[in-house]
Amino acid sequence: QLRTPEARMSILVCITLLSWIGGTSGRIVSRSVGGTTPPKTVVHPLHGQSGNARKIKNYGGRAHSSKFSAAPPSIGSVNPDYRYASVNAVDAWHDLKFGLRIHWGEYAIDGLGPESWPLNRAHNITFLKWYWDQSKTWNPSNYNADQWIALMNTAGIKFFDFTLKHHEGFSMYDTNTDVHDCWDLTGPTATIKPCCNTTGCRFPYSSVAAFGRDVAGELVTAARKGGVSPGFYFSHIDWFDPDMRIDQWNAVASSGKFCPVGTACNPANYSNATLPVEWQRFVLRHRAQIVEALTKYGEIVELSLDMQFPPIFNQAMQDTIMLARSIAPNTLFRGRGIGGTKQEGGYGDYETPEETFPSSPMPGNWQVIFHGSNYMSYDPDPSHYVNGSFVVWHLADIVSKGGLMQIGYGPDANGQFHPKAVEALEYAGRWLRTNGESIYGTRPLPNRWQDPTTSEIRYTRKNATIYATYLDFSGSAFWQAPSHTLYCITPRGAKTTAVTLLGNVDDQTREPIPLTWAAASGGGITITTPTVEDPDLFAPPGYVFKITGATVRTDC
């Protein structure tokens with residue numbers, strides 16, 4: 001029923017209109033939730049330590065990702081009419097290789113982290129009131145989307161996922177949906193009340209409402225101008241909207257913390273049967289925001305869905321993902337919340353090992369996500385940031401195994417990335433300007449990602465060209481060895497096989513300098529290490545041999 005553009009548009013219009021049912025209006029209405037902003041030197045009720053929530057490390061990243069590392073929760077058998085992302089779209093996605101994951105939301109205002117997970121760990125209702133009141137005075141005046149894209153181009157970033165909405169519920173884009181009911185957090189326990197008491201009032205709870213800017217829209221416009229492929233992160237769960245209070249992590253309603261059993265806001269008795277009006281608002285707002293993610297700014301390369309609702313929501317989720325696929329045939333969906341990937345019996349096109357590096361190739365389409373600091377969001381502590389050599393080493397390793405890599409950095413309250421993040425990205429960019437052809441658009445060897453005779457070599461290939469990357473954290477071991485033997489490469493002959501070192505060019509002609517090689521006695525090819533005047537021109541940790549006119553051994 002959704003095969004024609006007219007039918008799809010009709011559905012979209014209906015969804016948008018229905019999402020306003022009972023809705024509210026004007027650009028924004030200030031919520032009176034009481035409480036004051038706690039100074040950074042006081043003891044937070046959140047964790048009982050002095051300082052702010054940046055003290056909490058590795059929650060919601062390493063720990064959180066483990067919830068999804070095994071078999072994901074099923075949402076039922078995949079509809080036989082469902083189609084995964086097109087073959088051409090998946091192939092183009094594999095060409096991208098290196099991405100940036102940008103978590104930016106209300107949690108950046110005071111440097112809290114990781115992301116909005118401090119809400120989940122709050123033990124005092126006043127912290128929730130303070131947190132959700134921050135956006136009233138937020139104005140990231142230094143946010144410049146063109147500068148962000150310029151940094152990505154400098155870093156060799158080919159795609160990004162930007163956070164449309166994290167679990168906190170704050171939409172970093174111009175959403176047409178509204179939050180109908182809000183939490184009343186002025187008492188010892190939570191209650192629910194209308195967000196607006198004025199006819200025609202709107203309450204989108206978004207960047208546009210808070211400070212008048214469509215953050216995601218500006219970024220996508222700059223990305224398309226700058227040649228970077230845009231993607232979005234979107235959290236299914238939304239702790240700000242009481243209509244969505246059924247998830248097990250809910251900052252207000254989970255575990256009876258602020259909605260004890262017997263109170264109206266407790267999710268135990270919340271369903272389509274008990275509260276059909278609220279439930280329908282829940283379904284339609286969630287669906288409308290996913291449709292917005294896929295249509296509002298044109299086609300995106302991927303939609304990184306996150307978290308999941310309990311089984312009571314399975315049918316609604318299936319209906320939503322069927323609609324999403326019908327309007328976005330070329331966008332890859334992450335499997336979280338939609339039953340996992342195709343290999344796992346779900347609707348997703350790819351999975352994301354998070355805060356871990358697979359020791360061997362994984363089945364299906366996969367993309368490693370790694371915090372560039374302690375958080376995926378802004379981390380103010382410079383000692384927490386990985387360096388550029390770390391990023392490059394793991395990028396080369398992941399690509400050799402058939403994966404993609406996204407490094408995660410979030411900007412501060414004013415829209416500026418930490419200098420250490422910029423430093424690491426610029427370092428990666430310098431390496432990629434020399435060696436990027438061994439990364440972008442490549443594929444792994446059929447049977448081996450590293451050489452069986454050494455742990456330092458990683459292989460990739462592009463058509464008939466083979467790349468062998470020597471990973472050397474020290475930056476000296478490569479140059480100290482007189483030669484390097486590649487077991488997996490069989491030369492065809494002196495007139496056919498050519499070997500060069502990427503970046504090693506003639507000063508006059510700027511042409512690659514051929515390297516001396518010989519067929520290895522035990523099989524493979526032995527390459528003489530070149531003599532160069534300034535090895536520092538070749539940035540560690542990877543030095544790349546480019547081999548043409550050779551074949552890959554059948555066991556590789």
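The model shown is predicted, which means the values in this text are computed figures rather than measured ones.
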Note: C259 and N266 closest approach over all heavy atoms is O-ND2, 2.7 Å
Please answer whether the main-chain N or O of E354 pairs with a side-chain N or O of T352 as donor and acceptor at a distance below 3.5 Å.
no
Assess whether a salt bridge exists between D243 and R285, defined as any Lys/Arg side-chain N lying under 4.0 Å from an Asp/Glu carboxylate O. no
Between Y378 and H418, what is the ring plane arrangement, given parallel below 30°, perpendicular above 60°, and tilted in between? tilted
* T221-E218 side chain donor-acceptor pair, cut-off 3.5 Å -> no
Rounded to the nearest 0.5 Å, the OG1 atom of T320 sits from the CD1 atom of I290 at a distance of 6.0 Å
Rounded to the nearest 0.5 Å, the CZ atom of R281 sits from the CG atom of D178 at a distance of 11.0 Å
Quiz item: Any idea how W130 and F127 line up, ring-wise: parallel (<30°), tilted (30 to 60°), or perpendicular (>60°)?
Solution: tilted
Original post:
Is it true that the side chains of W239 and D247 contain a donor and an acceptor less than 3.5 Å apart?
Top reply: yes
query = E302 side chain to D161 main-chain N or O, any donor-acceptor pair under 3.5 Å?
reply = no
K129 and D184 ion-paired at < 4.0 Å: no
D95/K462 ion pair, N-O < 4.0 Å: no
Which of Q289, K296, K165, R213 passes side-chain hydrogen bond (donor to acceptor under 3.5 Å, both in side chains) with Y173? Answer is Q289
* Using a distance-only test with no angle check, is there a side-chain donor-acceptor pair under 3.5 angstrom linking Q318 and N314? -> no
Does the side chain of T177 come under 3.5 Å of the side chain of E292 through a donor N or O and an acceptor N or O? no
Checklist entry - Any side-chain donor paired with an acceptor under 3.5 Å for D379 and Y385? => result no
| field | Under 3.5 Å: donor-acceptor pair, side chain of Y205, backbone of A210 | value | no
Under 3.5 Å, is there a donor on one side chain and an acceptor on the other for Y107 and Q134? no
Please check this pair: side chain of T274 against backbone of N269, looking for a donor-acceptor N/O pair closer than 3.5 Å. yes
Exactly one candidate in T175, V220, V208 meets side chain to side chain contact (heavy atoms under 4.5 Å, CB included) with D214; the answer is V208
Next on the checklist: Taking the ring centre of each residue, are F370 and F357 less than 6.0 Å apart?
Outcome noted: yes
Side chains of F160 and P230, heavy atoms from C-beta outward: is any pair under 4.5 Å?
yes
query = Can you tell me if R336 uses its side chain to pair, donor with acceptor, with the backbone of M307 under 3.5 Å?
reply = no
>> I'd like to know if the side chain of N330 pairs up with that of E299 as donor and acceptor (distance under 3.5 Å, no hydrogens or angles considered).
In response: yes
Worksheet entry | From CA spacing to verdict: side-chain hydrogen bond (donor to acceptor under 3.5 Å, both in side chains), Y84, N365 | CA-CA 12 Å; Y84 295 91; N365 307 311; over 6 Å; no
CD (Q280) and CG (L275) are apart, to the nearest 0.5 Å, by 13.0 Å
Is the NZ atom of K342 crowded by more than 12 outside heavy atoms at less than 6.0 Å? no
Flag side-chain contact, heavy atom, 4.5 Å: F98 against V399 | no
message = Under 6.0 Å between ring centres: does that hold for Y143 and W148?
response = yes
* Asked: Ring centres of F309 and F282 under 6.0 Å apart?
  -> yes
Check: H394 ring centre within less than 6.0 Å of F390 ring centre: yes
Within the distance-only criterion (no hydrogens, no angle test), does the side chain of R433 pair as donor or acceptor with the backbone N or O of T154 below 3.5 angstrom? yes
- prompt: With a cut-off of 6.0 Å (strictly less than), are more than 12 heavy atoms of other residues, nucleotides or ligands near NZ of K420?
  reply: no
* Can any side-chain N or O of R245 pair as donor or acceptor with the backbone N or O of C265 at less than 3.5 Å? -> yes
When rounded to the nearest 0.5 Å, the distance separating CH2 of W183 from SG of C195 is 11.0 Å
Check: K97 main-chain N/O paired with K158 side-chain donor or acceptor under 3.5 Å: no
Using only atom types and a distance under 3.5 Å, with no angle test, would you say the side chain of Y440 pairs donor to acceptor with the backbone of G156? yes
When rounded to the nearest 0.5 Å, the distance separating CD of E278 from CG of D181 is 6.5 Å
In this structure, CH2 of W93 is separated from OH of Y350 (nearest 0.5 Å) by 7.0 Å
**Asked** Has the side chain of S377 got a donor or acceptor atom that lies under 3.5 Å from a matching backbone atom of E115?
**Response** yes
Exercise. For L128 and L119, run side chain to side chain contact (heavy atoms under 4.5 Å, CB included): C-alpha distance rounded to whole Å, both residues' side-chain angles, the deciding distance at 0.1 Å, then the answer.
Key: CA-CA 6 Å; L128 303 182; L119 283 169; 3.5 Å; yes
**Message:** If you define the side chain from C-beta out and look only at heavy atoms, does anything of L100 sit under 4.5 Å from L151?
**Reply:** no
For G372 and I407, the nearest pair of non-hydrogen atoms, with its separation, is CA-CD1, 3.8 Å
For S400 and T460 the tightest heavy-atom approach is CA-CG2, 3.9 Å
Does NZ or CZ of R325 fall inside the cone over F333's six-membered ring, less than 6.0 Å from its centre and within 45° of the axis? yes
(request) If the plane angle is over 60° it's perpendicular, under 30° parallel, otherwise tilted; pick one for F234 and H286. (result) tilted
>> Check the orientation of W138 and F170. Use parallel for under 30°, tilted for 30 to 60°, and perpendicular for over 60°.
In response: tilted
* Before giving the answer on side chain to side chain contact (heavy atoms under 4.5 Å, CB included), spell out for D397 and W449 the whole-Å C-alpha distance, their side-chain angles and the decisive distance to 0.1 Å. => CA-CA 8 Å; D397 177 68; W449 50 275; 3.7 Å; yes
